[in-house]
Protein chains: 2
Amino acid sequence: MAETDRLNKRNAIRRENERVILSAAEKVFAEAGFGGATMQLIADMAGLPKANLHYYFATKEELYRKVVERIFVIWLQAADRLDNAPDAATGIGGYIEAKMEMSRRHPFGSKVWASEVMHGAPVIQDYLETALRDWTEGRIAAIRRWIDEGQIDPIDPRHLLYMIWATTQHYADFGHQIETLNGGRPLSGRQWAEAKESVKAVILRGIGAVPARAGPA
Amino acid sequence: MAETDRLNKRNAIRRENERVILSAAEKVFAEAGFGGATMQLIADMAGLPKANLHYYFATKEELYRKVVERIFVIWLQAADRLDNAPDAATGIGGYIEAKMEMSRRHPFGSKVWASEVMHGAPVIQDYLETALRDWTEGRIAAIRRWIDEGQIDPIDPRHLLYMIWATTQHYADFGHQIETLNGGRPLSGRQWAEAKESVKAVILRGIGAVPARAGPA
DNA sequence: TCGTTTTCTGACCGTATGGTCAGGGTCGAG
DNA sequence: CTCGACCCTGACCATACGGTCAGAAAACGA
């Protein structure tokens, strides 16, 4: 087998440490921003000496880039629900659900992404111009098809996508504000479900999408 | 007249310098985050020596706090359109319009606010728990009234507010991403108008609000 | 066991940053 | 004109931060 795939102790250590560092970095970058984050803070959170971080990731920029790249991959993966959907309502509804789950399970990643974009995407501008642009064009075409088929009202697909991104990611990025307005408590499982249903209902109704089981009369 | 209101040269200088500094600070904080912003950068942008900034604002934290407080006031002011509206569609539609205008005209402020909240609102937590919470409760009551009157579908008013905030502020906070997906060009006046109409249309239809002029048959 | 490679880390360094301050300049009131 | 209050700023300081490095420790293959 290839040398890099060997499952000896060294590789295990490396993999585990990289995982721990990336996870700690994601959290610290999310909570403090790139400028506010320090290698010492990340090291403490990872339970490793600072010098050890620099052994695995040469610079703060490199570590940050790895964090953002990982998030970007997850971001694009959520699109599975949009593709191969039997109809518009199922596809868009499923995509909203998937993104709401992501906001719930990966709030730090969402915040890092938001922060990166807000600051002009200094690190992942190339991804925006290639991968994200291509991805977006593909979904726009799919949405246009649904419009042509009369499954949803005519609407600029871009604004629909922005709306979905904005609304779903808001529950992660502005989670602290939502929590404060919720009496200082995090949303319960029930409240998350209600949020998901509200968002789905308003958007699907807003674009005139009929539920799958209720075909046109 | 009161001493603080005198229009002598000294007061003019003070007012003008504070304005210039706050404006520069808003931009720098928005583009670099609190941690990434430096007093030197803000000073350069304001065209003043760094020491002069510290003459008007003792610390970086104080300057930042003033910036955020100013944004918060503007944020709350946009609610005028929601209050005293003749009906739900006009009120909510007007509020969306006002917030879209704010995203267009004050993108830096929106970003600073987003950044502050994302990082756990270390500076304005008290505002969230008092002013924002009170404001929100008031609007929730108003929305509930519209629901009871049958003007809009039953929906948790909180999620409706979050949706409006998320969608409208997205055009400021994620403006760079939108610009990139728009071929690298900022949205034109026409595109902004389309965005505004799209958002309004989807949300108003999504909550079953009928336009003001088209009363129930 | 031995030599080699990889992992680990305390101590250290140069720089950038927030903040200070003494002293000079400007304005306005009387 | 004079004096006091306010405005301005170059030079400076202490600290914190990203990053380096020599050398110890551990893992590995033979």
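Throughout, protein chains are lettered first and strands after them, A, B, ... in sequence-line order, and every chain is numbered starting at 1. Predicted model only: the values in this text are computed from it and were never measured.
With sequence neighbours left out, B:Arg104 forms a salt bridge (charged side-chain N to carboxylate O under 4.0 Å, His left out) with no residue at all. With sequence neighbours left out, the salt bridge (charged side-chain N to carboxylate O under 4.0 Å, His left out) criterion links A:Lys27 to no other residue. Scored by the side chain to side chain donor-acceptor pair (under 3.5 Å) test, B:Lys99 finds B:Gln169 as partners (sequence neighbours excluded). Partners of A:Lys50 under the side chain to side chain donor-acceptor pair (under 3.5 Å) rule, at least two apart in sequence or in another chain, do not exist in this structure. Partners of B:Glu179 according to the salt bridge (charged side-chain N to carboxylate O under 4.0 Å, His left out) rule, which considers only residues two or more places apart in sequence or in another chain, do not exist here. The salt bridge (charged side-chain N to carboxylate O under 4.0 Å, His left out) test applied to A:Arg133 returns no partner, not counting sequence neighbours. Residues passing the side chain to side chain donor-acceptor pair (under 3.5 Å) test with B:His176, sequence neighbours excluded: A:Gln125.
The CD-P distance, from B:Gln40 to C:dT17, rounds to 8 Å in whole Å. When rounded to the nearest whole Å, the span between CE of B:Met39 and P of D:dA16 equals 18 Å. Between the P atom of D:dC7 and the CZ atom of B:Phe57 lies a distance of 12 Å, rounded to the nearest Å. In this structure, B:Arg65 atom CZ and C:dG18 atom P are separated by 19 Å, rounded to whole Å. Atom pair A:Asn11:CG and D:dC28:P shows a separation of 9 Å (rounding to whole Å applied). The interatomic distance linking A:His54 (NE2) with D:dC17 (P) rounds to 13 Å, in whole Å. In this structure, CD of B:Glu18 is placed 14 Å from P of D:dC6, rounded to the nearest angstrom. Between A:Tyr64 atom OH and D:dG18 atom P the separation is 15 Å, expressed in whole Å.
The phosphate of D:dC7 has OP1 or OP2 within less than 4.0 Å of a side-chain N or O from B:Arg14.
Taking the side chain of B:Lys60 as heavy atoms from C-beta on, and the options D:dG19, D:dC17, C:dG18, the nearest nucleotide is C:dG18.
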Could you go over nucleotides 8-12 of chain D and give all protein N or O partners under 3.5 Å, atom names and distances?
| from | atom 1 | to | atom 2 | distance (Å) |
| --- | --- | --- | --- | --- |
| D:dC8 | OP1 | B:Asn17 | ND2 | 3.3 |
| D:dC8 | OP2 | B:Asn17 | ND2 | 3.2 |
| D:dC8 | OP2 | B:Tyr56 | OH | 2.4 |
| D:dT9 | OP2 | B:Asn52 | ND2 | 3.1 |

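Under the 6.0 Å distance and 45° angle rule, B:Arg190 does not count as a cation-pi partner of B:Trp192.
When B:Arg70, B:His106, B:Lys66 are each tested for a side chain to side chain donor-acceptor pair (under 3.5 Å) with B:Glu26, only one passes: B:Arg70.
Within the 4.0 angstrom heavy-atom criterion, no nucleotide atom of any strand lies near B:Glu62.
DNA chain D is contacted by A:Ala37 of residues 21-37 of chain A, taking any non-hydrogen atom closer than 4.0 Å.
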